[in-house]
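Structure first, then comments.
We name chains A, B, ... by the order of the sequence lines, and we start the count at 1 in each one. Bear in mind that the values here come from a model prediction, so they are computed numbers and not experimental data.
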Number of protein chains: 2
Amino acid sequence: MSAVQKHDVFQAIADPTRRKILMLLAKQDLSVTAISDQFPITRTAVSKHLRILSESNLVGMTKAGREKIYKLHPETFAEIKDWLSYFDQFWDNKLSMLKFLIEEQEK
Amino acid sequence: MSAVQKHDVFQAIADPTRRKILMLLAKQDLSVTAISDQFPITRTAVSKHLRILSESNLVGMTKAGREKIYKLHPETFAEIKDWLSYFDQFWDNKLSMLKFLIEEQEK
DNA sequence: ACAACAGGAAACCTTTTGGTTACATATCAT
DNA sequence: ATGATATGTAACCAAAAGGTTTCCTGTTGT
């Protein structure tokens, strides 16, 4: 159903530039050049970032003539959410947080 | 209110070992040695991971005699969730996903 | 008092990462 | 056809990341 994930999604979103690229693509689909215009680094560097985002299934690409249009592949964000939901028990438990803050205070 | 964040939280969760440490701490608070017993790497290496998790506010620590007990600091997970929620508009919009999948099919 | 235990710091090493420049390929416009 | 545009690949480089070993500092139990 979904493509094989060649790159770890957590490692993909670790880089600030890649996160900015995702933010840009959240607003609109963009070509490689259009994206790299937004950064002080070379187009080649942006191209590498896009490959990593692509290999972690965070973005998808479609050819349009000589351009390649990148777009958000939102399905994969669910994986991060799933992982985070593991910690919800603590987040929701205000008591454990309060306990922690008190201990912080005392130290 | 909250401590200064010396380390990027996204970069902190990028490492698989650090994610496993967080999973362990989700179950129970643990000392450095107790944590490093769960990994094939040295205690020193685990110690470095804990420093990074600590500096990104994902975990907290309290001294107990000669031991240092690490525990989840769930507050910080909210930051990741906030960032992810930015992409919810796409995730919730099944049409845009369908559109993407059709384009994938056609290519 | 002192041996054993818990943890961190320093110096070092190797691999990965993020970037570059130079070149190659494909498409478009005239 | 051919010059300009869009993108990717290869080779390379510096810095950061993740790991190690070797010490050093506290704390604990006897």
*For A/R51, which contact category applies under a 4.0 Å heavy-atom criterion: base, sugar-phosphate, or nothing?*
nothing

*With a non-hydrogen cut-off below 4.0 angstrom, is B/F39 in contact with a base, only sugar-phosphate, or nothing?*
nothing

_D/dT20 OP1/OP2 closer than 4.0 Å to side-chain N/O of B/T42_ = yes

*Can a side chain N or O of B/T44 be found less than 4.0 Å away from OP1 or OP2 on D/dT20?*
no

*Single-linkage hydrophobic cluster, 4.5 Å side-chain cutoff, A/I80 and A/F87 together*: yes

Could you tell me the separation between the [atom1] atom of [X] and the [atom2] atom of [N], rounded to a whole number of Å?
X     : N      : atom1 : atom2 : answer
B/L50 : D/dA17 : CG    : C1'   : 16 Å
A/K63 : D/dA6  : NZ    : C1'   : 11 Å
A/D15 : D/dA15 : CG    : C1'   : 14 Å
A/E55 : D/dG8  : CD    : C1'   : 13 Å
A/R43 : D/dA6  : CZ    : C1'   : 7 Å

*Candidate nucleotides D/dG26, D/dG8, D/dA6, ranked by approach to the side chain of A/R66 - the nearest*: D/dA6

*asked:* From the set D/dT5, D/dG18, D/dT7, return the single nucleotide nearest to any side-chain atom of B/H49.
replied: D/dG18

*asked:* For A/R43, give me all partners under side chain to side chain contact (heavy atoms under 4.5 Å, CB included), at least two apart in sequence or on another chain.
replied: A/V32, A/T33, A/S36

*Mind checking which nucleotides bracket the chain A contacts on DNA chain C, 5' to 3', with an atom under 4.0 Å from a heavy atom?*
C/dT17 to C/dC28

*Just wondering, do B/L72 and B/F77 contact through their side chains at under 4.5 Å, heavy atoms?*
yes

_Any B/L58 side-chain heavy atom under 4.5 Å of B/L25 side chain_ = no

*Between B/D15 and B/K48, is there a side-chain N and carboxylate O pair less than 4.0 Å apart?*
no

*Ignoring hydrogens and geometry, is there a side-chain-to-backbone donor-acceptor pair from B/S85 to B/D82 under 3.5 Å?*
yes

*Sequence neighbours left out, what passes salt bridge (charged side-chain N to carboxylate O under 4.0 Å, His left out) with A/R18? Give chain and number order.*
none

*Where each residue is assigned the nucleotide of DNA chain C containing its nearest heavy atom, which of B/K48 and A/R18 is assigned the position nearer the 5′ end?*
B/K48

